[in-house]
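Before any comments, here is the structure.
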2 protein chains.
Amino acid sequence: MRPTVHDIAAEAGVSLATVDRVLNNRPGVRGVTRDKVERAIATLGYVRDVAAANLAKSRSYPLVFVLPEGDNTFMRGLAAEVEAARARSAVERTAITVLSVPAFDAAALAAALEKARTLGPAGVAVVAIDAPEVVAAVDRLREDGIAVVTLVSDLPGSSRDHFAGVDNIAAGRTAGSLMGRFLGGREGPVAIVAGSMLVRDHRDRLEGFRAAMAESAPGRRLLPVVEGHDDPAEVEQLVSKLVVDHADLAGIYSLGAGNRGLITALEKAGRQTDVCAIAHELTPHSRRALSSGTLDALLNQDAGHEVRSAIRVLKARADGLAVIGAQERIRIEIFLKDNLPVEPA
Amino acid sequence: MRPTVHDIAAEAGVSLATVDRVLNNRPGVRGVTRDKVERAIATLGYVRDVAAANLAKSRSYPLVFVLPEGDNTFMRGLAAEVEAARARSAVERTAITVLSVPAFDAAALAAALEKARTLGPAGVAVVAIDAPEVVAAVDRLREDGIAVVTLVSDLPGSSRDHFAGVDNIAAGRTAGSLMGRFLGGREGPVAIVAGSMLVRDHRDRLEGFRAAMAESAPGRRLLPVVEGHDDPAEVEQLVSKLVVDHADLAGIYSLGAGNRGLITALEKAGRQTDVCAIAHELTPHSRRALSSGTLDALLNQDAGHEVRSAIRVLKARADGLAVIGAQERIRIEIFLKDNLPVEPA
DNA sequence: AGATTCTTGATTTACGTACATCAAAAAATC
DNA sequence: GATTTTTTGATGTACGTAAATCAAGAATCT
């Protein structure tokens with residue numbers, strides 16, 4: 001059997017109360033005694049039974065998720081995953097509040113974070129926008145001892161505890177490398193469609209894509225980036241114009257959301273096959289397009305993994321515990337039509 | 001606050017003892033009373049506090065892992081992950097025993113499973129070999145009410161509860177599809193190196209690879225499969241012979257382990273660049289080879305994920321609980337040199 | 001009706017930890 | 001050496017559930 005507080009007390013030759021004082025670093029213990037207890041803990045290899053401790057504390061974790069509004073499937077999926085986590089609240093001892101804010105609006109996001117702060121949660125997860133007022137808002141949360149995890153899009157320069165998302169520079173590089181190899185004999189330029197340069201993840205993907213393209217397909221012409229604000233309608237219009245303006249378009253990289261528009265535009269123009277298209281996020285639309293060949297490759301981040309990871313990290317930080325690094329690293333998933341998971345995503 | 005057994009007792013107008021009888025379906029409750037209690041459970045939305053229940057039961061999960069011996073890095077990594085899980089035993093209330101058996105030896109595996117049965121564990125995880133005696137051994141475990149999860153290599157036709165591993169047909173297809181696209185202008189045949197056709201995962205990968213190659217590179221000649229038994233030395237010898245015998249070799253797909261040998265052979269022969277090489281499992285060697293360009297792509301299954309998933313599923317099955325399907329699906333990871341995770345794997 | 005079985009209630013102990021209180025002992029201060 | 005302060009011990013309650021015991025009540029059978 002694993003040792004309990006009683007065993008430590010016996011081993012150290014002190015009372016249960018003293019062990020408790022040491023374990024929960026309460027005042028009123030001499031240094032010598034504290035050492036004795038800590039030595040006993042070490043020799044017996046005691047680890048606190050977290051379940052019992054939480055039970056005794058009747059611990060619960062009030063958390064706030066700050067998510068962007070918007071019409072794209074990825075963010076709706078993310079919201080659905082948060083909702084699913086909320087349904088597990090009873091089991092996981094969490095109490096999740098969701099705040100929705102307009103997309104790509106730094107001021108609104110900062111205000112929402114301020115509101116989250118007044119709710120006094122144990123932790124906050126936020127899809128960040130890279131702006132000074134957002135950094136300030138996050139830092140204020142941290143000063144109040146509230147754990148903060150950035151979700152999907154990071155906020156470097158802030159004091160957030162953790163980033164639950166993929167390495168977007170690597171994602172962009174991967175897209176570029178695949179594009180370079182997949183283009184094969186095709187001549188002509190490659191277009192890039194972004195959501196907004198305001199968010200860090202899109203800027204990072206762009207940087208990575210350009211770097212990898214320069215290596216794997218040197219000399220290939222890249223058209224200027226266009227911004228579709230993750231909105232299907234806007235993206236469709238932009239891509240329609242691109243394929244008309246560039247009859248010899250060889251490839252297109254969509255690094256943001258709103259790919260319904262991309263797919264529709266390519267199919268309406270009958271350019272599914274001769275344009276090599278690489279996009280992000282597995283949705284019902286992009287899945288279908290990958291199967292049919294309109295899309296050639298898809299990079300994905302699993303929203304469910306990100307949400308669950310964010311919650312694990314927030315709970316751990318709230319308790320001042322370490323996390324299993326490997327388990328919390330979110331992988332970039334690459335899908336071809338050959339490795340699509342069976343059920344709808 | 002979430003409702004407790006006391007609340008149910010009050011709501012149903014029965015005693016605590018009766019609620020307990022219903023919850024743990026103990027005998028001695030009339031149908032009418034049982035219904036009353038179940039209605040109270042439903043209306044209050046009661047969910048049993050698993051932590052408290054485990055505490056009260058002082059539940060622990062004795063588990064047995066049956067792993068193959070052998071010199072390849074993947075299996076050693078798998079063993080290390082099991083060891084890591086064992087270190088977390090105290091927290092996770094598991095007691096893990098590891099049994100090692102000679103690789104590719106069905107009789108030895110069946111004997112080990114029989115031995116595992118005598119240990120009377122709550123669950124068994126096994127890297128399966130596709131043979132009748134192994135199926136029989138697994139079925140015997142299940143008859144004893146022991147949960148069984150196959151790990152890495154599945155055992156269809158047996159009554160195992162779950163397979164903690166990747167879809168290997170899809171993995172093979174993915175390799176074939178990438179190979180087809182990556183070959184580009186290269187002429188010449190493609191070689192296939194397997195570990196052993198005795199294990200299901202290798203057979204599945206081969207099937208998928210052939211199918212996808214037929215689609216993405218029709219007419220391309222595939223050399224007969226050679227078996228390296230996942231042994232680096234044996235694989236090196238086989239591949240060295242292949243590159244000598246086939247001066248125009250365009251590609252090579254290694255669907256098993258022992259890739260140290262593959263890499264060494266290609267590099268010794270100076271054929272790193274002109275042969276497109278795709279292999280499985282991220283190890284220090286394959287990582288280096290991918291960075292340097294000796295390998296063009298790498299498919300990976302995360303051993304850590306598989307072990308943790310196996311444990312979660314075994315615990316859940318032992319308690320007769322359902323599992324979150326999406327969380328237990330092991331993804332096929334595709335690595336190019338651009339999306340290698342930073343730390344050594 | 002009386003004996004027998006089945007169903008229910010009441011109560012207690014246990015799991016491992018957290019936390020509070022009060023008394024006793026030890027150490028530090030004057 | 002007496003007093004104050006600090007440190008330690010002893011003890012009890014709580015968290016939510018499991019599991020056992022014993023007694024009392026209700027239903028069934030003869």
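All chains are named by letter (A, B, ...) in the order of the sequence lines, taking the proteins before the strands, and each is independently numbered beginning at 1.
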Partners passing salt bridge (charged side-chain N to carboxylate O under 4.0 Å, His left out) against B:E92 (at least two apart in sequence or in another chain): B:R88

In 5'-to-3' order, the base (B), backbone-only (S) or no-contact (-) status of each nucleotide in nucleotides 16-30 of chain C, using a 4.0 angstrom heavy-atom cut-off, is BBSB-------S---

Between A:S100 and A:E69, do the side chains contain an N or O donor and an N or O acceptor separated by less than 3.5 Å? no

Which residues satisfy the side chain to side chain contact (heavy atoms under 4.5 Å, CB included) test with B:A108, sequence neighbours excluded? B:P102, B:D105

Nucleotide D:dT6, atom P - distance to CZ of A:R34 in whole Å: 15 Å

Tell me: CD1 of B:I8 to P of D:dG16, nearest whole Å? 12 Å

Specify the angle, to 10°, made by the local axes at the two ends of the helix from C:dA1-D:dT30 to C:dC30-D:dG1 when five pairs are taken at each end. 30°

For B:D49, which residues count as a side chain to side chain contact (heavy atoms under 4.5 Å, CB included) partner, sequence neighbours excluded? A:L55, A:R93, B:R2, B:A51, B:A52

Residues at least two apart in sequence or cross-chain that pass salt bridge (charged side-chain N to carboxylate O under 4.0 Å, His left out) with A:E11, listed by chain then number, are none

Hey, can you pull the donor-acceptor pairs under 3.5 Å for the side chains in residues 28-44 of chain B, sequence neighbours left out?
unit_1 : atom_1 : unit_2 : atom_2 : d
B:T43  : OG1    : B:R39  : O      : 3.3
B:T43  : OG1    : B:A40  : O      : 3.2

Check whether any side-chain N or O of B:T18 sits under 4.0 Å from OP1 or OP2 of C:dG9, and answer yes or no. yes

Show me the donor-acceptor pairs within less than 3.5 Å that the side chains of residues 133-150 of chain A make with the rest of the protein, sequence neighbours left out.
unit_1 : atom_1 : unit_2 : atom_2 : d
A:D139 : OD1    : A:S159 : N      : 3.0
A:D139 : OD1    : A:S159 : OG     : 2.7
A:R140 : NH1    : A:E114 : OE1    : 2.7
A:R142 : NE     : A:S159 : O      : 2.9
A:R142 : NE     : A:D161 : OD2    : 3.2
A:R142 : NH2    : A:D161 : OD1    : 3.4
A:D144 : OD2    : A:R117 : NH1    : 2.7
A:T150 : OG1    : A:D154 : OD1    : 2.8
A:T150 : OG1    : A:H162 : O      : 3.3

Pairing residues for B:E281 by the salt bridge (charged side-chain N to carboxylate O under 4.0 Å, His left out) criterion, not counting sequence neighbours: B:R205

